[in-house]
Structures are given as structure tokens and as C-alpha cells.
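Below, read A as the first sequence line, B as the second, and so on, with proteins coming before strands; counting in each chain starts at 1. Worth knowing before you read on, the calculation uses all heavy atoms, side chains too, and leaves out hydrogens, waters and symmetry mates.
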Number of protein chains: 2
Amino acid sequence: MAASATRRRDWAKGANHALREAGHRAGGAREAVVELLSKQSCCLSAQELCDRLGEQGSNVGLASVYRALDLLHGMGLVQRVDLGDGNLRFEPIQPGGEHHHHAVCDSCGRVTAFEDERLESALERLAGRLRHSINAHEVVIHGSCGRCSSSSGAGA
Amino acid sequence: MAASATRRRDWAKGANHALREAGHRAGGAREAVVELLSKQSCCLSAQELCDRLGEQGSNVGLASVYRALDLLHGMGLVQRVDLGDGNLRFEPIQPGGEHHHHAVCDSCGRVTAFEDERLESALERLAGRLRHSINAHEVVIHGSCGRCSSSSGAGA
DNA sequence: CGTTAAACGAGAATCAGTCTCACTAGGCGG
DNA sequence: CCGCCTAGTGAGACTGATTCTCGTTTAACG
Ligand SMILES: [Zn+2]
Ligand SMILES: [Zn+2]
Ligand SMILES: [Zn+2]
Ligand SMILES: [Zn+2]
């Protein structure tokens, strides 16, 4: 989908702009993280980001990746995703609010992203019933992916 | 609520029974973990469980706590709760499906448990729309708790 | 009781994430 | 264009949660 590619490019542009606005310099490592992040369709761990940057020739330190992610997270530009395997992952937050959640297959470990409009509105309505404002929400489903559940017992 | 106390006792009984059925011996450490877990209204970290057991006189090793939790989790008797603070927490899964989710205050760090029937049914309906079976789900809300949001701008 | 292997406790090992520090380089006035 | 100042950076030390290891304990079963 071309629209999504455009959106990602916009996200990178917006993120860099926001960083400038907030008084941050244009460091190479951080821009590399932003650019790589903008190309992902789903979440990556800090280590994965660091490795991929290395493969691309940008030798970015892991600490810088964490620094950049932390900053971006603090500015509401990326969300942390915790799939329960002990590794935090990160993905861009689209300004339009478009986002997805994750389903983890407990048999094969595969992570599937899904969007669901009804779930989102259910979560919005939930806000009205809680004495707690909702800045962000995270939903993680555990179960068997289509592949594993069709092949009968889904070996652990 | 007495019903809930009964349910918790039932959970402990059921968990111990399931462990026997699965061919596990009745070890003191594991039983202590099960019993302590069954008394909690919300999730605890492994370290907290270990500390509390120590206070009660049961000198249970941290490794045994992890072992027990891992086993129980593998048997679908406890759920891991990840609130994003780097500590996994654990709580019993009630066989009846009654459970709650968690809202984290990004200002003060307080964790609030909530139950919401409508959210649960929304999640059940979601299952029908995904090519992914749902064995478990986890919802974490981030925002400001009632206390923090009432005191004006709720610091980042 | 004696045998056997699961369960246990203590501490070592691992590993994601954070912190430190000397060094590099972006931004800016001269 | 040059040099200063500080934010940004990379390597590696550090931390703390979780897992692994290993010698000891003890439940289960005859
Ligand atoms: Zn994703
Ligand atoms: Zn699968
Ligand atoms: Zn609060
Ligand atoms: Zn639920």
C-alpha cells in the first residue's frame, strides 16, 4: 500500500522536525534510528535496530539506540511494545492514531499485528468508565496463530 | 467479598490438584508459592513473593519461586503481567475466567486493577475476527490515575 | 526403613537495559 | 572559514531481573 509508505515517510519527517523543535541537534545516530524505525511495519527490539543499522554500514552504538528510543518515547513518537519474551520492542506511533496490536503464537512464537476498529472503540468507551485517563493502551493476545491452530495440536 | 475468598481457596486447591495430576510431588516451596499466590488480589513479582514467604517464616529460594511460577504458567494456572517497569508479575488465573487488567499511572507509577465486562466481551468478539485463537489476553492502560489527573496537568 | 529421583536453596551465570566517560561533531559567533 | 561550546555518540562497565548449576534434602513408593 503506497499510502502507508507515505505515512511512514511523513512520520520520519515529523519526528525529525519535532526533535529540532525540542532543541535537539541533528545527530547521525538518532536520525539513523528514526529512519530505520520509519521503515518498519511492526515493532523491533533495540538490539535488532542496532544490528540492522550495523548491517547497513551505520555503526550505531546500542546505547545511542536506547537513547534515541527513550527520547522518542518521551515525546510520544514511539510506543514500547512488550510481548512478554523479556525484550522490549519499539514502533512508531502514527500521528493519526492509526495503530495496531499484537497477537503472539505460543506454539511457534510468531507475532502477528492486527488492527481492529471495534476493539479501539471499545477501549475508548472504557476510558469513560475508569477513573484513569488513557494516554496509551496496549493489548497483547496469546494463543495459536492460524498456521498452528489448523495443524491440530500445535506442538509446544 | 467472601465469594472471592472462596474462589481463591478453590484456585489453590485446584492448582495443587493439577500439579499432582501432572505427576509433580508435593514440594513445600511450591505449595507455599501457590498458597501465597492464592491470597493475592493482584499481581506480585517473583521477588515480592520470595520476600513475603521469607517474612512468613518459609525460607523459599528465589529460584524455587521462579520454578513454581514457570510451571504454573505452563499449566495455564497463572498469568504473567508485564507492566513495563522491567519486572514481570504473576497472578492466578481463575478457572471461571474472571480476571482483571491493569492501568499504570505514568505520573506516580501507581498500578490500578480494573475489571470491565464490556471490554471482556469486546475481546471475546475480537476472537471471531482474527485468524488467531485467544488463550489469554493482556490489556495495559497507561495514563494518569484519578489522583494525578485531578491535580492539574499530571506531570509527564 | 532404604532407594530413587524430583524438588530445593544458594550462588554463579546470563542478558537486557542503563550509566559513565572520553571523544566527535553540529551550531554559532567571530 | 576558524574555533569554542556543548549535545550527541560509541565502547564498555555496571545493574538488576531471570535462569542455570550443583550439591543437598525429602516425598513417594515399595
Ligand atoms: Zn506492531
Ligand atoms: Zn504459530
Ligand atoms: Zn498517579
Ligand atoms: Zn481480560
A.B. asks: Determine the contact category for A:Gly23: base if any of its heavy atoms lies under 4.0 Å from a base atom, sugar-phosphate if only primed atoms, P, OP1 or OP2 are that close, otherwise nothing.
C.D. replies: nothing

A.B. asks: Side-chain N or O of B:Ser64 less than 4.0 angstrom from OP1 or OP2 on C:dG9?
C.D. replies: yes

A.B. asks: Hydrophobic clusters here meaning ILVMFWY residues chained together by side-chain heavy-atom distances under 4.5 Å, can you tell me if A:Val78 and A:Leu53 are in one?
C.D. replies: yes

A.B. asks: Check the distance between C:dG17's P and B:Leu88's CG and give it to me in whole angstrom.
C.D. replies: 12 Å

A.B. asks: What is the separation between atom CG on B:Asp51 and atom P on D:dG16, rounded to the nearest whole Å?
C.D. replies: 14 Å

A.B. asks: Output all residues satisfying side-chain contact (heavy atoms from CB on, under 4.5 Å) with A:Gln40, sequence neighbours left out; order by chain, then residue number.
C.D. replies: A:Leu36, A:Leu44, A:Arg52

A.B. asks: Scan B:Leu62 against the nucleic acid and name what it touches under 4.0 Å (heavy atoms): base, sugar-phosphate only, or nothing.
C.D. replies: base

A.B. asks: Using only modelled atom types and a 3.5 angstrom limit, is any donor from either the side chain of A:Arg25 or the base of D:dT6 paired with an acceptor on the other?
C.D. replies: yes

A.B. asks: How do A:Asp70 and A:Arg20 order along DNA chain C: which one's closest nucleotide is nearer the 5' end?
C.D. replies: A:Asp70

A.B. asks: Report the distance from atom CG of B:Leu71 to atom C1' of C:dA6, rounded to the nearest whole Å.
C.D. replies: 12 Å

A.B. asks: Per the atom types in the model, does the base of C:dG9 pair as donor or acceptor with the side chain of B:Arg67 at under 3.5 Å?
C.D. replies: yes

A.B. asks: Could you check how far CZ of A:Arg30 sits from C1' of D:dG10, rounded to whole Å?
C.D. replies: 15 Å

A.B. asks: Against A:His99, only a single residue in A:Glu138, A:Gln94, A:Glu120, A:Glu91 fulfils side-chain hydrogen bond (donor to acceptor under 3.5 Å, both in side chains); can you say which?
C.D. replies: A:Glu120

A.B. asks: How many Å lie between CD on B:Gln47 and P on C:dG11, as a whole number?
C.D. replies: 14 Å

A.B. asks: Between atom CG in B:Asp82 and atom P in D:dA17, what is the gap in whole Å?
C.D. replies: 14 Å

A.B. asks: What is the distance, rounded to the nearest whole Å, between atom CG of A:Leu44 and atom C1' of C:dG17?
C.D. replies: 17 Å

A.B. asks: With nearest nucleotide decided by heavy atoms, which residue, B:Ala26 or B:Arg80, maps closer to the 5′ end of DNA chain D?
C.D. replies: B:Arg80

A.B. asks: Is it possible for you to say whether B:Ile141 and A:Leu119 belong to one hydrophobic cluster, with membership spreading through side-chain heavy-atom contacts below 4.5 Å?
C.D. replies: yes

A.B. asks: Within the 4.0 Å heavy-atom criterion, would you say B:Asn59 contacts the bases, only the backbone, or no part of the nucleic acid?
C.D. replies: sugar-phosphate

A.B. asks: Please tell me if B:His24 has a side-chain N or O lying less than 4.0 Å from either OP1 or OP2 of C:dA7.
C.D. replies: yes

A.B. asks: Could you give the CG-to-C1' distance, from A:Leu53 to D:dA11, as a whole number of Å?
C.D. replies: 16 Å

A.B. asks: Side-chain N or O of A:Tyr66 versus OP1/OP2 of C:dT18: is the shortest distance under 4.0 Å?
C.D. replies: no

A.B. asks: Given the rule that I, L, V, M, F, W and Y join up when any side-chain heavy atoms are under 4.5 Å apart, are A:Ile134 and B:Leu126 in one cluster?
C.D. replies: yes

A.B. asks: Let's see if you can work this out: which of C:dC8, D:dA17, C:dA16 has an atom nearest to the side-chain heavy atoms of B:Ala29?
C.D. replies: C:dC8

